[in-house]
Amino acid sequence: MTPTATAEATSPATPPTTTPAATGGVGSVPALSGLPFVPRPREVPTGDARQLTRLFFERLRSLEEGTREYQYVRNTLIEMNISLVHFVARPFRDRPGGPENEDVVQVGVIGLIKAIDRYDPERNTQFATLAVPYITGEIKRHFRDTTWAVRVPRRLQELRVELAKATEALTSESEHPPTPAELAAHLGLTEDEVRQGLVAANGYSTQSIDAPQQHTAGSAQAPAAGQAPRSLAETLGETDPALEAALDRHALAPLLADLDERSTRILQLRFGEELTQAEIGAELGLSQMQVSRLLSRTLGSLREELLHD
């Protein structure tokens, strides 16, 4: 092996690069000649980013969609304006029950890309004027579609926001929570529509029935001092099997009273004293077969009358 071949075999391979920098900057690509090369688009100051954005948009219109040059210019525009996404996403990241900040930013980038694809520099408007509503709308749509625990119609989702604002405004004026009638008058809606919106608002978030309940101090349901709060599951009732048995006994009592003495005695020995059929026969002077037939006939008669009643 020659020294040259050895050097080539041992030197690290350089991965191919698809950016204009790999060929000496944008000037080396004819379609990008005259366009400044931006090595770190996210670090461009806001003032420079505004000027470069317009310049890159003008060049983007002259390029064929799908080409490497088109992708470079479009991706650079996205990177240079990513600060708009962070600016718009900031008020949303601390919403209760909302997604993580990184998820909000990713959704906002989708809105930024839609704004880039629809922006027309000939209209002589700042790109941010179009981008901010697109980003905001995409984030709000994401919250509307993913953060509700129970899916409700969009009309009711929007009504929940209006009711929250109206409740806050009326509470500050009257110093007490507004009634549905007051909310209806304030929003120009019917009371039924307000009640429907209030019920639908309960579907925004849910709580596990195993979570400890929160009670205000002094309430009747508040736990005693030193006692851990109970969960909702611990306060829910369940079917008591003894109650159903009591109802059956109550319904069976008049039917038992109508039985003859021998049938009553057989039932008492079988189910009260838990004797076998042979033991009952010895007690009453009957064969085991006779006891079995009498017991089956009596139980069948009671079952038929009980179900009929």
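This structure is a prediction, so every number in the text was calculated from the model and none was measured.
Each of Leu183 and Val199 belongs to its own hydrophobic cluster when Ile, Leu, Val, Met, Phe, Trp and Tyr are linked at side-chain heavy-atom distances under 4.5 angstrom. Linking Ile, Leu, Val, Met, Phe, Trp and Tyr whenever their side-chain heavy atoms come within less than 4.5 Å puts Leu299 and Ile280 in one cluster. Put simply, Leu252 and Phe271 are part of the same group of oily side chains (I, L, V, M, F, W, Y) that touch within less than 4.5 Å, one to the next.
Side-chain atoms of Glu273 and Glu279, non-hydrogen and from C-beta on, never get closer than 4.5 Å to each other. Considering only heavy atoms from C-beta on, Lys140 comes within 4.5 Å of Phe92 through its side chain. Between Met80 and Arg42, the closest side-chain pair of non-hydrogen atoms is not below 4.5 Å. A 4.5 Å side-chain heavy-atom check between Ser263 and Leu294 finds every atom pair outside the cut-off. Phe87 is not listed as a side-chain neighbour of Ile135, based on a closest heavy-atom distance of 4.5 Å or more. The shortest distance between side-chain heavy atoms of Val44 and Leu52 falls below 4.5 Å. Using a 4.5 Å heavy-atom cutoff, the side chains of His176 and Thr171 are not in contact. Between Leu302 and Leu267 the shortest side-chain heavy-atom distance falls below 4.5 Å.
A distance of 13.0 Å separates CD of Glu168 from CG of Leu163, quoted to the nearest 0.5 Å. A distance of 9.0 Å separates CZ in Arg118 from CG in Leu130, rounded to the nearest 0.5 Å. With rounding to the nearest 0.5 Å, the separation of CD in Gln288 from CG in Leu295 is 10.5 Å. Note that the CG atom of Leu159 and the CG atom of Leu187 stand 7.5 Å from one another [nearest 0.5 Å]. For the atom pair CG (Leu77) and CD1 (Ile116), the distance works out to 5.0 Å, reported to the nearest 0.5 Å. How far OH of Tyr70 is from CG of Asn75: 10.0 Å, rounded to the nearest 0.5 Å.
When each of Leu256, Leu269, Leu259, Asp258 is checked for a side-chain contact (heavy atoms from CB on, under 4.5 Å) with Thr264, only Leu259 meets the rule. Only one option out of Leu112, Ile110, Asp117 pairs with Lys114 in a side-chain contact (heavy atoms from CB on, under 4.5 Å); it is Ile110.
Under the 4.0 Å criterion applied to side-chain N and carboxylate O atoms, Glu65 and Arg74 are not assigned as salt-bridge partners. Note on Glu162 versus Lys165: no salt bridge recorded, every NZ/NE/NH1/NH2 to OD/OE distance being 4.0 Å or above. Ion pairing between Arg195 and Glu191 holds under the 4.0 Å rule for side-chain N and carboxylate O. With respect to Glu122 and Arg61, a salt bridge is recorded, a charged nitrogen being found less than 4.0 Å from a carboxylate O. Contact check on Arg270 versus Glu274 returns no salt bridge, with no Lys/Arg side-chain nitrogen under 4.0 Å from an Asp/Glu carboxylate oxygen.
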side-chain contact (heavy atoms from CB on, under 4.5 Å) between Arg155 and Gln196, worked out: CA-CA 11 Å; Arg155 173 181 61 85; Gln196 189 178 17; 3.8 Å; yes
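When all heavy atoms are compared, the tightest approach of Phe56 to Pro36 is CZ-O, 3.5 Å. Nearest heavy atoms, Ala251 versus Leu306: CB-CD1, 3.7 Å. Closest heavy-atom contact between Ala115 and Ala131: CB-CA, 3.7 Å. Shortest non-hydrogen contact noted between Ala89 and Val104 is CB-CG1, 3.5 Å. The two residues Pro178 and Leu170 come nearest to each other via the heavy atoms CB-CD1, 3.7 Å. Closest of all the heavy-atom pairs between His186 and Ala166 is CD2-CB, 3.6 Å.
In this structure, Gln157 contributes its side chain and Val152 its backbone to a donor-acceptor pair below 3.5 Å. Remark: the backbone N or O of Thr190 is paired with a side-chain donor or acceptor of Glu193 at under 3.5 angstrom. Here the side chain of Arg54 pairs a donor or acceptor atom with the backbone of Pro121 at under 3.5 angstrom. A donor-acceptor contact shorter than 3.5 Å is absent between the side chain of Ser296 and the backbone of Arg293. When atom types are taken as modelled, the side chain of Glu182 and the backbone of Thr179 share a donor-acceptor pair closer than 3.5 angstrom.
The closest side-chain donor-acceptor pair between Glu305 and Ser301 falls under 3.5 angstrom.
Ring planes of Tyr119 and Phe127: perpendicular class, angle over 60° (limits at 30 and 60°).
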